[in-house]
Visitor: 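Just passing along the structure, written as structure tokens.
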Amino acid sequence: MKLLVTGGAGFIGSNLVRHLLNTHEDVEIVNLDALTYAGNLASLTDIEDDPRYGFVHGDICDADTVRPLMEGTDAVLHLAAESHVDRSIESDAPFVRTNVIGTYVLLAAALEAGVGRFVQVSTDEVYGELPWSDPEHPDPEPGSEAARFTEDTRLAPRSPYSATKAAGDLLALSYHTTHGMDVVVTRSSNNYGPFQHPEKLIPLMVTHAIDGSSLPVYGDGLNIRDWIHVEDHCRGIDAALRQGKAGRVYNFGGDAERTNLQVVRAILGAVGASEDLIEFVPDRKGHDRRYAIDASRAHTELGWSPQADFDAALPETVKWYVEQKGWWRAV
Ligand code: NAD
């Protein structure tokens with residue numbers, strides 16, 4: 001199976017490329033990545049010499065780069081994106097460019113070349129936010145205001161990041177409806193694990209805790225995220241690629257709702273640093289209060305369920321950053 005992975009030098013992309021090569025003998029992967037600040041080939045050194053793997057340094061918005069890569073490709077796994085909400089609040093133009101126009105360029109080229117399947121890797125943030133609900137009791141009544149996001153939840157993105165991801169999702173689904181293209185959309189909750197850029201919550205807090213510098217926590221620290229281990233997410237994308245139905249959306253979650261403050265305290269515990277390092281800072285603009293995922297469709301139709309237990313996997317992740325200081329200090 002010949003795959004074009006976009007954004008394969010990023011956090012999830014590099015884990016996905018490794019997962020696919022390690023799991024399937026018969027895959028050949030081309031990784032197309034522009035190597036923005038978020039892309040890092042040092043995340044792929046263990047597989048870079050695999051004869052089934054090739055890297056192309058290029059921009060998904062450049063049709064002349066993208067078109068030839070589609071020839072003979074069985075499926076596209078589209079992960080390349082501008083992915084950091086805070087950056088989208090400061091400057092949204094790169095988000096519109098990559099997440100909307102880049103997705104369009106890929107879809108048009110895939111359609112022209114007759115690519116077999118297009119997997120649009122997206123986020124639960126396209127659904128907007130849920131009202132706060134105690135993470136100790138994470139199962140509000142189905143249908144209630146506080147219930148988890150399902151694939152039928154109305155899209156209501158609230159940041160330029162999530163709005164541009166929603167636009168990419170809708171464009172991809174429109175190619176299915178209009179052109180009959182085989183498109184699958186996946187939406188996962190917040191990922192954690194090795195090779196994540198230290199601008200994101202967990203590696204940011206871990207690296208600050210290791211260095212003994214303050215840990216900036218937005219607002220009251222009670223915003224809730226569901227955390228999925230990146231390896232579970234990669235298994236989900238792989239399952240959607242192989243078993244997903246055309247035109248269908250699949251949610252992936254880790255069954256691990258935590259307040260940011262719970263996550264930060266757990267990190268400090270794992271590093272062995274003092275809670276005095278916590279510093280509350282002014283809240284992010286438009287900060288979504290809670291995300292929570294109902295992944296029943298992925299359980300039923302893909303036979304997928306998350307394997308990682310957050311309370312055990314978080315200290316493992318912390319250990320990785322402790323041991324890989326060379327990787328993140330160079331980012
Ligand atoms: P990331 O920021 O770590 O990596 C993005 C990659 O895309 C980088 O390697 C970057 O160089 C590349 N890229 C950016 N613009 C490009 C362009 N114009 N052309 C080619 N390459 C370009 O992101 P991530 O956290 O690995 O997320 C991957 C995907 O998964 C994104 O689409 C994101 O929306 C989605 N997602 C992420 C999370 C999460 O928690 N990280 C959760 C759900 C969904």
Visitor: Any pair with a residue in residues 35-48 that passes salt bridge (charged side-chain N to carboxylate O under 4.0 Å, His left out), sequence neighbours left out, goes on the list, sorted by first then second residue, please.
Guide: Arg18-Asp46

Visitor: First locate atom CZ of Phe11, then atom CG of Leu79, and finally report the distance between them rounded to the nearest 0.5 Å.
Guide: 11.0 Å

Visitor: Could you check whether the rings of Phe252 and His233 sit parallel, tilted or perpendicular, using 30° and 60° as the cut-offs?
Guide: tilted

Visitor: Before you tell me yes or no, could you show the steps for Arg248 and Glu301 under salt bridge (charged side-chain N to carboxylate O under 4.0 Å, His left out), namely the whole-Å CA-CA distance, both residues' side-chain angles and the distance that decides it to 0.1 Å?
Guide: CA-CA 11 Å; Arg248 202 104 166 118; Glu301 295 186 15; 2.6 Å; yes

Visitor: How long is the gap from CZ on Arg52 to CD on Glu28, to the nearest 0.5 Å?
Guide: 9.0 Å

Visitor: For Tyr161 and Glu125: C-alpha separation, side-chain torsions, deciding distance, then whether side-chain hydrogen bond (donor to acceptor under 3.5 Å, both in side chains) applies.
Guide: CA-CA 9 Å; Tyr161 163 64; Glu125 300 191 30; 5.2 Å; no

Visitor: Might you confirm whether atom NZ of Lys2 has over 12 heavy atoms from other residues, nucleotides or ligands at distances under 6.0 Å?
Guide: no

Visitor: Give, for atom CG of Asp64 and atom CG of Asp59, the distance between the pair rounded to the nearest 0.5 Å.
Guide: 11.5 Å

Visitor: To the nearest 0.5 Å, what is the distance between CD1 (Ile278) and CG (Asn260)?
Guide: 11.0 Å

Visitor: Any salt bridge between Asp255 and Arg148, counting N to O under 4.0 Å?
Guide: yes

Visitor: Would you indicate whether Phe55, at its atom CZ, is surrounded by more than 12 heavy atoms from other residues, nucleotides or ligands within a distance under 6.0 Å?
Guide: yes

Visitor: Only one of Asp92, Thr36, Thr164 passes side chain to side chain contact (heavy atoms under 4.5 Å, CB included) with Glu82; say which it is.
Guide: Thr36

Visitor: Could Asp86 and Arg284 be called an ion pair, given the rule that one side-chain N must be under 4.0 Å from one carboxylate O?
Guide: yes

Visitor: Between Lys245 and Asp182 (salt bridge meaning N to carboxylate O under 4.0 Å), is one present in this structure?
Guide: no

Visitor: Take Arg187 and Asp124, measure what salt bridge (charged side-chain N to carboxylate O under 4.0 Å, His left out) needs, and give me the verdict at the end.
Guide: CA-CA 5 Å; Arg187 295 185 179 137; Asp124 62 352; over 6 Å; no

Visitor: Could you state the interatomic distance from CD (Glu275) to CG (Leu261), rounded to the nearest 0.5 Å?
Guide: 8.0 Å

Visitor: In plain terms, say whether Arg235 and Asp238 are close enough for a salt bridge, that is, a side-chain N and a carboxylate O under 4.0 Å apart.
Guide: no

Visitor: Taking Gln307 for the side chain and Asp232 for the main chain, is one N or O donor matched with an acceptor at less than 3.5 Å?
Guide: no

Visitor: Check the hydrophobic clustering (I, L, V, M, F, W, Y; side-chain heavy atoms under 4.5 Å; chains of links allowed) and say if Tyr175 and Val184 are grouped together.
Guide: no

Visitor: What are the two closest heavy atoms between Glu257 and Ala292, and how far apart are they?
Guide: OE2-CB, 3.3 Å

Visitor: What heavy-atom pair brings Val66 and Ile60 nearest, and what distance separates the two atoms?
Guide: CG2-O, 3.5 Å

Visitor: Around Arg329, counting heavy atoms of other residues, nucleotides and ligands shown, do more than 12 lie under 6.0 Å from its CZ?
Guide: yes

Visitor: I'd like to check the ring-ring contact (aromatic ring centres under 6.0 Å, His included) partners of His197; sequence neighbours left out, ordered by chain and number.
Guide: Tyr37

Visitor: Is it true that the NZ or CZ of Arg225 lies under 6.0 Å from the centre of Tyr291's six-membered ring and within 45 degrees of the ring axis?
Guide: yes

